[in-house]
Amino acid sequence: MGGPMPQRGILTALPAFWPGIGLLARARRAGAVVRRDDLPFETVPGLHRARLRAAGGEAWLALPVRAAAPGTPIAEIRLAPTSSFASRAIRAIEHAFGEAPFFEHHRCDVARLLFREWPRFAPLAPALTRFLFAAYDVRAEATAATPLRAGIAG
């Protein structure tokens, strides 16, 4: 006879270009994840960068972002299109995860996300988060803070 199901809390996290394994582990235990896209961009160092570790060292990926005024919320940050970003990023991801089990099953999905034209950071971060949640079987509901705050204010 089992006891009641433990309640799963709400995890708040910064939106990230490539969420780390720490977020994935915490999200597995959460009922919901709220991405804090309402915070100012400049107070979040590394938000648009990801460190990928591989057997031969590590690689840094950095999203090309446009300059923004101080205090600009993460949700309003625009990306600066560059033709070489996606191909460099996919090469770094392949180098870091190429030997990982089942990577070949996810490579095309990652490439589709990276080669898509993203005008803003806000939709790219959750798209990659949803992809990684699905790949790691994380069932937490994920949402952005911006619409939640609008609902409270309204």
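Heads up: numbering here begins at 1 and tracks the sequence.
- Heavy atoms only, all atoms of each residue included: Arg28 and Tyr136 are closest at NH1-O, 2.5 Å.
- Both Phe131 and Ile21 are members of a single hydrophobic cluster when ILVMFWY side chains are connected at heavy-atom separations under 4.5 Å.
- For the atom pair CG (Leu114) and CH2 (Trp18), the distance works out to 7.0 Å, reported to the nearest 0.5 Å.
- Between the side chains of Asp37 and Thr146, at least one donor-acceptor pair of N or O atoms lies under 3.5 Å.
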In residues 92-99, what donor-acceptor pairs under 3.5 Å come from side-chain atoms, sequence neighbours left out?
unit_1	atom_1	unit_2	atom_2	d
Glu94	OE2	Arg107	NE	2.2
Glu94	OE2	Arg107	NH2	2.6

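- A distance of 8.5 Å separates CG in Leu128 from CG in Leu63, rounded to the nearest 0.5 Å.
- In terms of heavy-atom proximity, Thr129 sits nearest to Ala16 at OG1-O, 4.4 Å.
- For the pair Arg116 and Trp118, the cation-pi criterion (under 6.0 Å, within 45° of the ring axis) is fulfilled.
- Residues that satisfy the side chain to side chain contact (heavy atoms under 4.5 Å, CB included) test with Arg139, not counting sequence neighbours, are Asp137.
- You'll find the side chain of Phe133 reaches within 4.5 Å of the side chain of Val33, heavy atoms only.
- The line from NE2 of His106 to CG of Leu132 is 9.5 Å long, rounded to the nearest 0.5 Å.
- More than 12 heavy-atom neighbours from other residues, nucleotides or ligands sit within 6.0 angstrom of CZ on Phe115.
- The minimum heavy-atom distance linking Ala140 with Ala30 is given by the pair CB-O, 3.5 Å.
- Ring orientation note: the planes of Phe41 and Phe121 are nearly perpendicular, at an angle over 60° on the 30°/60° scale.
- What you find for Arg49 and Ala62 is that their closest heavy atoms are CG-CB, 3.6 Å.
- For residues 65-77, no residue pair satisfies the side chain to side chain donor-acceptor pair (under 3.5 Å) rule, not counting sequence neighbours.
- Summarising the geometry of Leu124 relative to Leu79, their closest heavy-atom pair is CD2-CD1, 4.1 Å, with the distance given to 0.1 Å.
- Looking at Ile74 and Asp38, their side chains never come closer than 4.5 Å, going by heavy atoms from C-beta outward.
- Taken from CZ in Arg36 to OG1 in Thr12, the straight-line distance is 6.5 Å, to the nearest 0.5 Å.
- Within 6.0 Å of the CD atom in Glu58, the count of heavy atoms belonging to other residues, nucleotides or ligands exceeds 12.
- Residues Val34 and Leu11 have side chains not in contact (no heavy-atom distance under 4.5 Å, counting atoms from C-beta outward).
- For the atom pair CD1 (Ile90) and CG (Leu61), the distance works out to 9.5 Å, reported to the nearest 0.5 Å.
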